Protein chains: 2
Amino acid sequence: MPRMALNDRRDELVEAAIRVMARDGVVKATTRAIVAEAGMTLGVFHYCFDSREELLKRVTATITERTIADARRVFTREGDLPDMIRASLRAFWGGVEANPGENLVGYELTQYALRNPGLEDVARLQYVQYLEANAEFLELMAKDAGIEWTIPLPTLARYVNAVLDGVTISWLADRESEDSLAVLDLLGDYLTEHSRPVG
Amino acid sequence: MPRMALNDRRDELVEAAIRVMARDGVVKATTRAIVAEAGMTLGVFHYCFDSREELLKRVTATITERTIADARRVFTREGDLPDMIRASLRAFWGGVEANPGENLVGYELTQYALRNPGLEDVARLQYVQYLEANAEFLELMAKDAGIEWTIPLPTLARYVNAVLDGVTISWLADRESEDSLAVLDLLGDYLTEHSRPVG
DNA sequence: GTCTATAATGGGATAGAC
DNA sequence: GTCTATCCCATTATAGAC
């Protein structure tokens with residue numbers, strides 16, 4: 001068996017955990033299921049992490065960063081404002097439909113944090129990061145298109161985040177892609193209508 | 001010990017389960033915790049329900065109906081359209097802030113259903129009911145105010161549902177009441193702007 | 001019908017050989 | 001450092017006395 005640096009081991013366990021969670025859910029991602037996925041033995045788990053909870057914290061941070069990085073990657077800055085918005089939203093949505101399981105994991109982890117005393121800050125941090133990312137995207141679009149938003153940025157970012165979360169959750173439940181896309185287009189129109197040329 | 005009809009027993013267990021879940025979360029609502037809350041013994045549980053899963057199905061149906069009934073109760077039909085919308089949204093929000101735990105349970109149950117093969121329809125039904133309720137509210141408002149919506153009803157209902165879900169979830173994570181209310185007001189404005197007097 | 005006791009399972013964590 | 005074996009606990013579900 002190869003000897004690996006402790007940090008590499010940890011990363012492999014985190015990746016294995018994410019795969020198991022995406023497939024079967026957070027609850028079913030037991031230490032045993034995770035080490036099996038990683039091709040390791042149970043003993044090594046508690047050599048890498050003090051507890052399952054410590055792993056979950058790291059998984060949460062990783063998933064949050066990855067989700068934002070994915071959004072940043074598909075974020076489109078070409079064309080006029082309506083095009084930019086619409087293309088970005090649709091690219092985001094492609095990611096959701098391509099990977100329902102991993103998307104659901106994000107919400108499961110929020111709830112895990114909210115239900116376990118001492119982890120409230122994990123959930124809070126998750127949303128701080130998501131809201132900041134949304135604000136960043138909105139600012140980039142405004143800059144590129146030479147407009148400003150007519151709604152205060154933190155409020156608008158929360159609004160966008162709410163629609164994206166909400167439309168994702170209802171889609172996870174009923175898989176109505178067409179209606180979901182229609183809602184995203186409404187959000188796009190909404191954003192366009194709340195911009196004005198910058199003086 | 002009082003002898004009760006089987007259905008009364010079941011109802012009591014469902015209510016006890018909801019209390020435990022609101023307090024501690026769905027995962028921690030074990031059969032033991034539920035019967036303890038109900039003041040019953042473990043043996044009686046499997047006399048009333050075949051399995052914990054069967055109880056959870058009934059709890060999901062009950063919570064969904066109750067959430068919609070609560071919304072119907074606070075739904076306001078007085079004043080002009082903007083008043084109606086704003087008052088209803090704020091009344092809805094009062095319920096969320098007054099009862100974070102019970103609200104979170106709804107999302108936990110959706111995810112439980114999505115993660116347990118064979119229960120997908122439970123999640124789907126939940127959202128069918130929520131979307132229908134939102135459509136119903138929108139139609140009532142339109143009728144009372146003598147307007148019609150400029151967006152197809154199913155799409156608009158999904159949009160409203162998405163914002164409500166999304167703003168609730170982010171609030172559960174970060175408890176930013178002020179920003180959340182601002183988002184709800186934006187939703188209210190949005191609805192007003194997408195109405196027109198009926199010919 | 002109601003209870004206690006217990007079976008059967010699966011979990012997180014740990015001890016200790018190698 | 002790595003593994004196996006095991007501890008100890010909590011869970012769902014059931015058996016069987018009363």
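Residue numbers begin at 1 in each chain, while the letters A, B, ... track the order of the sequences. Note that this is a predicted model, so its numbers are computed, not measured.
- Under a hydrophobic clustering in which Ile, Leu, Val, Met, Phe, Trp and Tyr are joined whenever their side-chain heavy atoms come within less than 4.5 Å, directly or via other members, B:Leu119 and B:Leu109 fall into the same cluster.
- Counting only residues at least two apart or on different chains, the side-chain hydrogen bond (donor to acceptor under 3.5 Å, both in side chains) pairs with a member in residues 32-44 of chain A are A:Arg19-A:Glu37, A:Arg23-A:Glu37.
- OP1 or OP2 of D:dG1 has not a single side-chain nitrogen or oxygen of A:Arg9 nearer than 4.0 Å.
- The side-chain heavy atoms of A:Asp70 and A:Arg73, taken from C-beta on, include a pair separated by under 4.5 Å.
- No side-chain donor-acceptor contact under 3.5 Å links A:Tyr130 and A:Asp165.
- Scanning residues 109-119 of chain A for heavy-atom distances under 4.0 Å to DNA chain C yields an empty list.
- When all heavy atoms are compared, the tightest approach of B:Val167 to A:Ala162 is N-CB, 3.6 Å.
- Looking at A:Glu120 and A:Arg115, no side-chain N of the basic residue comes within less than 4.0 Å of a carboxylate O on the acidic one, giving no salt bridge.
- Nearest heavy-atom pair, A:Gln129 versus A:Ile68, reported as atom, atom and distance to 0.1 Å: O-CD1, 3.6 Å.
- For A:Tyr159 and A:Tyr190, the gap between ring centers is short of 6.0 Å.
- Rounded to whole Å, the distance from CG on A:Asp8 to P on D:dT2 is 11 Å.
- With DNA chain D read from its 5' end, the first of the two nearest nucleotides for A:Tyr47 and A:Thr41 is the one closest to A:Tyr47.
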- For nucleotides 11-18 of chain C, 5' to 3', base contacts (B), sugar-phosphate-only contacts (S) and non-contacts (-) with protein non-hydrogen atoms under 4.0 Å give BBBB----

